[in-house]
Amino acid sequence: MPPQGGHPQGAGAPPILQVAVPRPLQEALDYRPPPGAWPAEPVGCRVEVPLGRSRAVGIVVAVRHSSDLPASRLRAASAWVDEQPLLDTELLETLTWAARYYRYPLGTALATALPGPLRQGRPARRAVAWWRLDARLHEDDRAVRRAPRQAELRRRLLASGGAAPYALLVAEQPAWQRAGRLLEQAGLLHREYHPAQAEGSADRTPRPGPELDADQQQALECMLAADGYAAFLLEGVTGSGKTEVYLQTAARALAAGRQVLILVPEIGLAPQFLERLRERLSGSVVVLHSGLSGTDRAEAWLAARDGDAAVILGTRSAIFTPLPRPGLIVVDEEHDPSLAQQDGFRYSARDLAVLRARTLDVPVVLGSATPSLESLHNARGARYTHLRLPHRAGLARAPSVQLVDIRSRRLVGGISAPLQEAVRRHLDAGSQVLLFLNRRGYAPVLICHACGWVAGCHRCDARLTYHRSRAQLRCHHCGHTARVPAACPECGEADLRPLGPGTERLEEALAELFPGVGQLRIDRDTTRRRGALEAQLAAAHRGDAQLLIGTQMLAKGHHLPAVTLVAVIDVDQGLFGADFRATERLAQLVVQVAGRAGRGEQPGEVLLQTRHPEHPMLRTLLERGYPAFAEAHLAERQAAGLPPYAALALLRAESVHADAPYLFLESAAQYGRSRLGKGGGVELLGPVPAPMERREGRHRAQLMVRAERRIDLQRFLVAWSGGLGSLEGARQVRWSLDVDPVEMV
DNA sequence: AGCACGCCGACT
DNA sequence: GTCGGCGTGCTC
């Protein structure tokens with residue numbers, strides 16, 4: 001076949017491929033097509049291309065007849081990687097849109113959406129690697145006589161007819177991995193790919209679900225009535241059975257032969273969810289999250305693309321899973337910030353879920369007990385249908401929530417007398433008690449009682465946390481550790497005292513107050529090992545301990561049915577944060593934590609220790625609940641011109657030099673003002689110091705871009721962001737642009 | 001992001 | 001005289 005033979009454009013000038021390469025470039029690059037036969041549909045296929053002095057795997061985003069560059073400057077792509085598109089039109093369009101919207105280079109955006117092996121050009125076959133012994137080694141063992149592991153592997157392979165799956169071999173004997181690689185290099189062992197076994201789970205009979213109550217039934221019917229795209233905000237209090245509604249909606253989509261994509265904020269929540277999915281839904285279920293190996297991710301991703309995976313359960317990045325037979329998208333805990341943020345490609349998986357649902361013309365459900373103000377705003381504006389599950393299912397009743405005023409009260413390890421009394425009462429009744437404190441370590445501050453010196457991090461504007469168990473001072477922001485000084489480095493007095501409670505200290509205090517009562521502390525320090533969290537949760541479930549102490553990680557949807565008392569040791573922590581979302585976060589946290597109480601048959605009790613019992617947010621939340629709080633807070637946001645009543649972008653910059661971020665941000669602001677046409681509807685605010693000005697030895701500052709209308713913000717960003725990299729001072733700082741930031745930090 | 005080119009300090 | 005520091009600039 002002649003070089004251009006077979007391309008669909010026929011005779012005439014050879015077409016040009018526009019290839020998005022995995023480099024931070026604004027645009028795709030033009031290449032002449034590679035020699036050889038064309039794929040039937042080139043757009044969405046990977047090609048290998050020469051790039052500078054190296055080569056790269058890029059994705060064809062368009063085929064053109066001409067290029068802006070002279071033909072002499074075009075290089076030819078080296079080879080097609082795919083015979084059919086890896087990214088279908090819809091996914092490619094979604095990613096292109098997201099790259100534009102979030103101002104991120106297209107090639108890098110596409111690359112981050114793909115599992116590692118596919119990004120690097122591995123065949124898009126769902127294949128299992130096998131090792132086959134070279135024919136020379138069948139009769140003749142001379143080559144391996146002096147290498148016992150290789151000889152072993154040879155015997156093993158001969159025993160199964162000369163070939164076996166790689167993963168199986170390595171599982172049997174890890175040392176064979178190295179032995180095999182050596183044989184492979186010597187050409188005595190060959191890698192081959194066999195088609196993956198189809199998932200044999202489609203024939204299970206799903207277990208029927210429980211009867212729905214009236215609210216659930218109504219929500220379900222409403223969703224099932226959707227024909228094509230529809231967005232639902234499912235606001236269901238903890239224990240109201242949101243999951244059941246998802247499951248039954250999903251079952252309907254599956255029955256119609258469609259795929260269901262379910263996003264969860266973190267995979268820690270997934271195992272219980274996964275079990276329920278497998279038990280209740282027909283069709284094969286795959287998971288997709290960052291904890292998987294590249295190969296496993298590629299396998300799951302391709303199973304979805306081939307339409308073999310019926311249910312895809314994943315975290316943030318799973319929003320970029322191909323869905324050839326889309327039926328439903330579910331975003332669980334839609335308010336959770338881990339569905340957005342993260343560094344690099346800063347996108348909101350929740351927002352993209354809605355976008356994809358619209359493009360794919362399928363329903364999308366955003367579920368939460370504490371919906372984000374953005375979603376509530378959308379529901380009010382009729383962009384989402386608001387479905388409510390206001391009652392706990394079954395016998396479980398809503399817990400009673402009370403504030404404990406701890407002003408001028410004596411605290412033992414952070415515990416007030418009323419709380420101590422309540423703990424006693426619940427323990428005596430044979431229940432479990434959960435104490436929530438979002439601060440690990442022994443004490444957040446170590447202070448010199450003589451001169452007032454406080455142990456601080458020299459790389460961050462932060463106090464060092466005192467960890468007593470390891471006699472260490474640790475910075476929770478940069479990981480710096482130091483030994484605890486014997487005496488004050490300032491005045492020399494040996495009177496350093498821990499100030500304030502941490503989970504370790506809470507543990508100690510509880511041991512004194514309730515001797516003999518089993519305790520379980522669940523924070524990042526006790527769950528560092530793999531599987532430790534699961535093990536601890538299982539222990540909590542079994543009732544191995546009556547007192548459970550936990551940080552943030554325990555606030556999320558884990559079922560602890562024997563817990564009847566939940567106490568928040570210090571609710572004030574989140575009350576006056578620098579972030580305008582701090583109050584919303586705190587309200588969500590309080591409600592989520594409270595949701596851990598009394599899921600069983602006994603009613604729950606929730607105590608919140610505070611020094612600000614009159615705080616309006618706490619009052620509203622307690623007296624009138626989350627929906628009323630949200631209502632009040634939305635009004636505040638509107639008055640302040642903040643999201644969801646405005647669109648924001650944040651330009652951050654950091655450097656080891658104190659003034660570099662300001663110099664860069666000043667020139668960015670100036671450049672921005674020059675690009676602001678008259679009446680652009682955009683404001684530039686700052687630069688201002690970041691909430692924690694110095695972190696990991698770097699000075700940080702930020703410039704806020706605010707617009708009343710999203711379209712104005714986008715128009716401005718398009719005109720502005722491209723030029724930022726070549727501004728004065730840009731090379732002296734690390735900078736990033738965050739569109740729709742969820743955290744100001 | 002890679003990767004090279006380019007112009008100034010301590011080494012055989 | 002060179003090896004190599006990372007500042008600057010490009011990748012079709």
Side-chain angles (χ1 to χ4, degrees), chain A residues 3-4 7 9 13-36 38 42-81 92 95-96 98-100 102-122 290 294 317 320 342-347 652-657 659-661 663-664 667-668 671 697-698 721-738:
Chain A
Q4 295 110 350
H7 71 73
Q9 280 69 22
I16 307 290
L17 302 182
Q18 292 203 300
V19 182
V21 294
R23 298 283 187 278
L25 305 173
Q26 291 295 123
E27 301 293 331
L29 302 180
D30 290 349
Y31 284 90
R32 293 200 309 277
W38 283 60
V43 173
C45 286
R46 291 171 298 170
V47 269
E48 195 181 303
V49 294
L51 183 63
R53 236 140 283 225
S54 58
R55 34 190 61 247
V57 175
I59 290 172
V60 176
V61 293
V63 179
R64 292 284 168 76
H65 286 283
S66 63
S67 170
D68 297 339
L69 276 100
S72 57
R73 287 198 48 199
L74 293 185
R75 299 170 81 181
S78 2
W80 291 104
V81 178
L92 191 57
L95 280 159
T96 308
R100 275 189 70 76
Y102 294 106
R103 310 307 309 157
Y104 201 69
L106 177 61
T108 2
L110 295 184
T112 52
L114 290 176
L118 297 174
R119 178 169 50 219
Q120 282 142 40
R122 271 256 306 274
S290 57
S317 60
F320 297 124
Q342 215 167 294
D343 31 37
F345 188 11
R346 296 164 177 268
Y347 58 88
R652 307 168 207 265
E654 57 175 59
S655 163
V656 287
H657 305 291
D659 49 351
L663 290 174
F664 168 67
S667 56
Y671 172 63
R698 296 173 175 281
S721 67
L724 292 174
S726 36
L727 284 180
E728 194 189 344
R731 305 210 65 116
Q732 277 71 54
V733 298
R734 288 215 295 233
W735 64 271
S736 65
L737 180 62
D738 198 350

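In what follows, every chain begins at residue 1, and chains take the letters A, B, ... in the order their sequences are listed.
Residue A:L74 is in sugar-phosphate contact alone, with no base atom involved, counting any heavy-atom pair closer than 4.0 Å across all strands shown. A:R53 comes within 4.0 angstrom of the backbone, heavy atoms only, and of no base. In this structure, A:R731 reaches the bases: a heavy-atom distance under 4.0 Å links it to at least one base atom across the strands shown. When heavy atoms are screened at a 4.0 angstrom cut-off, A:P50 is found touching the sugar-phosphate backbone but no base atom.
Between A:F345 and A:Y102, the ring planes are perpendicular. Angles over 60° get that label, and only those under 30° would be called parallel.
Residues forming a salt bridge (charged side-chain N to carboxylate O under 4.0 Å, His left out) with A:R122 (at least two apart in sequence, or on another chain): none. With sequence neighbours excluded, the residues forming a salt bridge (charged side-chain N to carboxylate O under 4.0 Å, His left out) with A:R55 are A:E48, listed by chain and number. Under the salt bridge (charged side-chain N to carboxylate O under 4.0 Å, His left out) criterion, A:D30 pairs with no residue, sequence neighbours left out. With sequence neighbours excluded, the residues that form a salt bridge (charged side-chain N to carboxylate O under 4.0 Å, His left out) with A:R652 are A:D738.
At whole-Å resolution of the value, CG in A:L106 and P in B:dA1 are 16 Å apart.
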For residues 728-735 of chain A, which side-chain donor-acceptor pairs fall under 3.5 Å, sequence neighbours excluded?
| residue | atom | partner | partner atom | Å |
| --- | --- | --- | --- | --- |
| A:R734 | NE | A:E654 | OE2 | 3.4 |
| A:R734 | NH2 | A:E654 | OE2 | 3.0 |

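Along DNA chain C, the stretch of nucleotides lying under 4.0 Å from any heavy atom of chain A spans, 5' to 3', C:dT8 to C:dC12.
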